[in-house]
Amino acid sequence: MSAPKFTTLGCRLNAYETEAMKKLAAQSGLSDAVVVNTCAVTGEAVRKARSTIRKLRRENPSARLIVTGCAAQTEPQTFAAMPEVDAVIGNTEKMQGDTWNALAADFIGESEAVQVDDIMSVTETAGHLIDGFGTRSRAYVQVQNGCDHRCTFCIIPYGRGNSRSVAAGVVIDQIKRLVDKGFNEVVLTGVDLTSWGADLPAAPKLGDLVMRILRLVPDLPRLRISSIDSIEVDENLMRAIATEPRLMPHLHLSLQHGDDMILKRMKRRHLRDDAIRFAQDARRLRPDMTFGADIIAGFPTETDAMFENSLALVQECDLTWLHVFPYSARPGTPAARMPAVHGQIIKERASQLRAAGDAQVQRHLFAQVGKTHSVLMESPLMGRTEQFTEVQVSTPQSEGTIVSLRIEGTVGAALQA
């Protein structure tokens, strides 16, 4: 009897949830199984999921193959129809002990082969908090799941459901346990992080949670927040940016585009000037602030002039770490019915955006040479600055410690100390 093997595709939240599933599978006694936690953010992600499943079946011919995650939630019959797949379970079901207890049984009947309920009916999250997921130096804490917005290109709400928040007290108790275990950095994660609290009593904001964590967990050296929607940033979060050195000066922004007409067609809630204003305000409050951003290339109806507005936004917001997504139509979304941009043009525009991002990274790296940074060591020879910049060190350091290092130069997309 061998322990189940897990493969994770997609986002950090999926990786977090895989850790929870490992725990549930172990408790159930499941063995001789392969579990694939899929992503549905693009059509390419679904294609990759199918390819991975076929490869894993060839490598594990006698194991039961179980598919879950966002692609399983949005397209259960697609995966159920694959001859390689034995069971398909949804995003809610994968977090329930009863599901894994049933999967651990010797026989999976026809009625249990597909377990995917209506994700929109789910009103709670949490119950699967994992103490210590990540490296020995950094832990990730899921505080929110789902999304109430309906961007025209996005399938994720149909995979994750509506927005649900973890209560602040539960989050703080978990972070206290992580600090007691020796973690020096905690990252708050979620699908739509800045919507945290809207479904809780008194509707607190993300900034309220951040300030409360920093006040009630004084021994936490570093708090980091993952991807945010800048238009939803509240007054307390801006106050934390300005006054709390333990909140790391790195924000990943869900911008998606730099042209107002495309932003409207995406059904985003901000305009380009909103993004620029936020970046300027945050950097004024915290001069060492760096930004990452998600940008889509080749959204339907995108003209050359519209694309140039996205390209210009990289400089106007002074973005450093770009996640560039070539547009990929998702069946069932409004954008999939809009006039498409030719595939080769999408590819070329994505390449231009990535080149602009690479140039911004180099500019950021060169500006750090000669400075001293507090570096959280992820391994004896590699750590990250407050801005999440990779630092390679010549003298081994203790993993998980925060060390003060002078930056001597650069190597590739990293700093040298």
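Computed from a predicted model, the values in this text were never measured in an experiment.
Salt-bridge check for E19 with K23: failed, with every basic side-chain N at 4.0 Å or more from each acidic carboxylate O. Between R269 and E232 a salt bridge is recorded (basic side-chain N to carboxylate O distance below 4.0 Å). We find that D318 and R363 are joined by a salt bridge, their nearest charged nitrogen and carboxylate oxygen being less than 4.0 Å apart. Between K371 and E386, none of the side-chain N atoms (NZ, or NE/NH1/NH2) sits under 4.0 Å from a carboxylate O, so this pair counts as no salt bridge.
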CA sep, side-chain torsions, deciding dist, call: R268, H257, side-chain contact (heavy atoms from CB on, under 4.5 Å): CA-CA 9 Å; R268 300 293 294 166; H257 212 274; over 6 Å; no

Derivation of the salt bridge (Lys or Arg N to Asp or Glu O under 4.0 Å) call for D86 and R57: CA-CA 10 Å; D86 294 303; R57 171 52 76 204; 3.0 Å; yes

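Counting only heavy atoms from C-beta outward, the side chains of V186 and I213 never approach each other to under 4.5 Å. At a threshold of 4.5 Å between non-hydrogen side-chain atoms, the residues P221 and I402 count as touching.
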Quick one: side chains of residues 329-342, donor-acceptor pairs under 3.5 Å with protein atoms, not counting sequence neighbours, listed by atom name and distance.
residue: R330; atom: NE; partner: A40; partner atom: O; Å: 3.0
residue: R330; atom: NH2; partner: A40; partner atom: O; Å: 3.4
residue: R330; atom: NH2; partner: E75; partner atom: OE2; Å: 3.4
residue: T333; atom: OG1; partner: R330; partner atom: O; Å: 2.6
residue: H342; atom: ND1; partner: Q344; partner atom: N; Å: 3.0

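Residues H270 and S230 bring no donor and acceptor atom of their side chains to less than 3.5 Å of each other. Counted by atom type alone, D229 and S254 present zero donor-acceptor pairs between their side chains at under 3.5 Å.
Side chain of T410 to backbone of L415: no donor-acceptor contact under 3.5 angstrom is found.
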